[in-house]
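A short worksheet on the structure shown next.
Naming: A, B, ... by sequence-line order, numbering from 1 per chain.
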Number of protein chains: 2
Amino acid sequence: MLSFTEENYLKSIVQLTIFESTEREVGVNKLASCLDVKPATVSDMVKKLNAKKLVNYKKYGKVSLTKKGRKSGMMVIRRHRLWETFLQIKLNFSWDEVHDLAEELEHIYSEKLINRLDEFLDFPSFDPHGDAIPNADGEIFIPFRKLLSEAKVGDIVKIIAVKDNTKEFLNYVDKIGIVINDKIIIESKDNFNSLTTINIKGKLHVVSPRFTDNIFIVSPKFEKAKD
Amino acid sequence: MLSFTEENYLKSIVQLTIFESTEREVGVNKLASCLDVKPATVSDMVKKLNAKKLVNYKKYGKVSLTKKGRKSGMMVIRRHRLWETFLQIKLNFSWDEVHDLAEELEHIYSEKLINRLDEFLDFPSFDPHGDAIPNADGEIFIPFRKLLSEAKVGDIVKIIAVKDNTKEFLNYVDKIGIVINDKIIIESKDNFNSLTTINIKGKLHVVSPRFTDNIFIVSPKFEKAKD
DNA sequence: TAAAAAAGTTAGTTTAATCTAACTATTTTT
DNA sequence: AAAAATAGTTAGATTAAACTAACTTTTTTA
Ligand SMILES: [Mn+2]
Ligand SMILES: [Mn+2]
Ligand SMILES: [Mn+2]
Ligand SMILES: [Mn+2]
């Protein structure tokens with residue numbers, strides 16, 4: 001039905017208009033840089049996606065998802081995140097290895113396959129990077145979360161997801177010894193140099209925005225109940 | 001490295017020159033009909049595969065695999081059969097559903113992934129259709145087997161694999177109630193009409209070559225030891 | 001508000017994989 | 001050995017997804 005390429009466009013549009021912004025539309029240039037193609041290429045493709053009623057688009061306008069496009073894009077993300085979970089839980093891959101394989105596996109289209117996989121994994125809610133997994137209807141519940149950079153000195157926060165999924169980032173997270181759901185304390189901030197000192201299991205680490213802008217947290221006051 | 005298309009060509013050449021014939025070469029027309037494309041298309045592609053040292057070919061000649069091509073093709077078949085096994089054993093798909101999904105999964109190239117999958121499945125020797133699974137080096141041991149049509153009246157034979165993997169065939173096999181490793185008795189043969197009467201768990205079935213030419217068996221005298 | 005910058009489009013080209021139609025080579029039959 | 005049949009090749013066209021270069025529209029800035 002949809003080509004790999006079309007699926008990748010829809011996935012990127014979901015990411016840009018639902019996960020990473022409150023704006024429900026995106027420009028051709030931004031989409032092009034997200035997909036790592038030239039704007040001319042995107043111009044052509046969004047015309048095609050519009051004809052297929054997957055996006056709303058007219059010349060010189062912004063691109064937004066139709067209901068159908070949103071669902072298709074969400075299903076690609078569902079497949080991606082379920083395969084990542086499978087690779088980690090069942091085949092013992094580490095969280096920095098799963099993404100690249102999932103980029104390919106996500107394009108295998110079969111409702112039955114993915115729902116069986118979901119069941120096999122016991123209907124996981126989050127993937128190895130802490131990202132919510134859309135359900136079989138393409139709906140997703142994204143829990144309230146903030147960036148580590150928004151935390152205040154003295155806060156005790158829980159790490160619930162990583163924003164950057166590159167190997168370099170994940171390897172650094174591994175190196176300083178945190179995993180999803182760990183708690184850390186914001187010891188101090190150096191606003192002049194934009195540095196934050198955090199306490200991870202008693203050890204102090206000085207980190208820059210490259211780190212704090214890519215870690216999602218919940219802070220105590222948002223953690224309802226238990227604790 | 002290799003495109004989906006190139007992988008499919010190599011897979012078909014392995015099937016035609018190793019699994020289904022003792023001739024280690026195949027013509028352009030036969031390959032074309034196996035791949036369901038026109039001979040002109042194959043002519044172009046084998047030129048390309050030859051340039052990549054995956055096949056031996058020259059104008060108006062037959063096509064044969066190089067060592068490298070044979071290994072690549074075998075690895076596609078390894079992936080196909082391991083995914084089929086995964087789908088059946090872990091995700092509870094029936095044997096008539098696994099092939100189509102495996103046709104897509106087989107093209108996901110990662111040695112690590114496939115070896116982990118192999119391990120996860122406990123290094124299976126055969127896929128759901130009774131076909132041997134090539135090992136991590138692309139080597140395969142195909143057990144000695146005959147077709148059911150070669151069995152003699154009175155023989156008690158064990159079904160070890162199916163040759164035809166279509167849904168229609170597999171559904172028929174299910175319907176008459178046999179599974180791999182079951183034993184059946186050859187009750188009688190009607191040579192005029194090319195019909196064979198077989199005894200499956202006490203029940204008699206009259207079958208044509210459409211059935212007997214697509215069931216692989218071992219007959220008692222080839223079944224060494226146990227029993 | 002006019003000029004400059006940014007964003008987006010169009011036209012024409014490329015590559016991989018396919019096709020059709022016409023041609024050539026090889027093999028089989030008479 | 002010639003004719004007929006079969007097998008295989010070539011040339012030119014098509015499609016999807018990319019590109020570059022040139023152009024146009026929209027937005028920002030002065
Ligand atoms: Mn990922
Ligand atoms: Mn992820
Ligand atoms: Mn199969
Ligand atoms: Mn099989």
Output a table of donor-acceptor pairs, distance under 3.5 Å, between side-chain atoms of residues 208-215 of chain B and any protein atom two or more places apart or on a different chain; print 'none' if there are none.
from   : atom 1 : to     : atom 2 : distance (Å)
B:S208 : OG     : B:R210 : N      : 3.2
B:D213 : OD1    : B:S149 : OG     : 2.8
B:N214 : ND2    : B:R210 : O      : 3.1

Could you go through residues 34-45 of chain A and list every donor-acceptor pair under 3.5 Å that involves a side-chain atom there, pairing it with any protein atom two or more places apart or in another chain?
none

Who passes side-chain hydrogen bond (donor to acceptor under 3.5 Å, both in side chains) against [X], sequence neighbours left out?
X	value
B:N29	none
B:N50	none
B:K30	none
A:E111	none

Any side-chain donor near an acceptor of the partner, A:T85 and A:D127, under 3.5 Å: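 Absent: no donor and acceptor within the cut-off.
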Partners passing salt bridge (charged side-chain N to carboxylate O under 4.0 Å, His left out) against A:E106 (at least two apart in sequence or in another chain): A:K11
Can you tell me how far [atom2] of [N] sits from [atom1] of [X], to the nearest Å?
X	N	atom1	atom2	answer
B:D44	C:dT20	CG	P	14 Å
A:L2	D:dA16	CG	P	14 Å
B:K47	D:dG8	NZ	P	13 Å
A:E25	C:dA7	CD	C1'	14 Å
B:L49	C:dA16	CG	C1'	13 Å

Atom pairs, protein N/O to nucleotides 23-26 of chain C N/O, distance under 3.5 Å:
from   : atom 1 : to    : atom 2 : distance (Å)
C:dA25 : O4'    : B:Y60 : OH     : 3.4

Any residue in residues 4-19 of chain B with a heavy atom nearer than 4.0 angstrom to DNA chain C? Just list them by number, or reply none. B:T5, B:Y9
For DNA chain C, what residues of residues 28-43 of chain A have any heavy atom nearer than 4.0 Å?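 Going residue by residue through residues 28-43 of chain A, the ones with a heavy atom under 4.0 Å of DNA chain C turn out to be A:V28, A:N29, A:P39, A:A40, A:S43.
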Listed by chain and number, what are the side chain to side chain contact (heavy atoms under 4.5 Å, CB included) partners of B:D122, not counting sequence neighbours? none
Partner set under side chain to side chain contact (heavy atoms under 4.5 Å, CB included) for A:N191, not counting sequence neighbours: A:K189
B:M74 and B:P134 have their tightest heavy-atom pair at O-CG, 3.7 Å
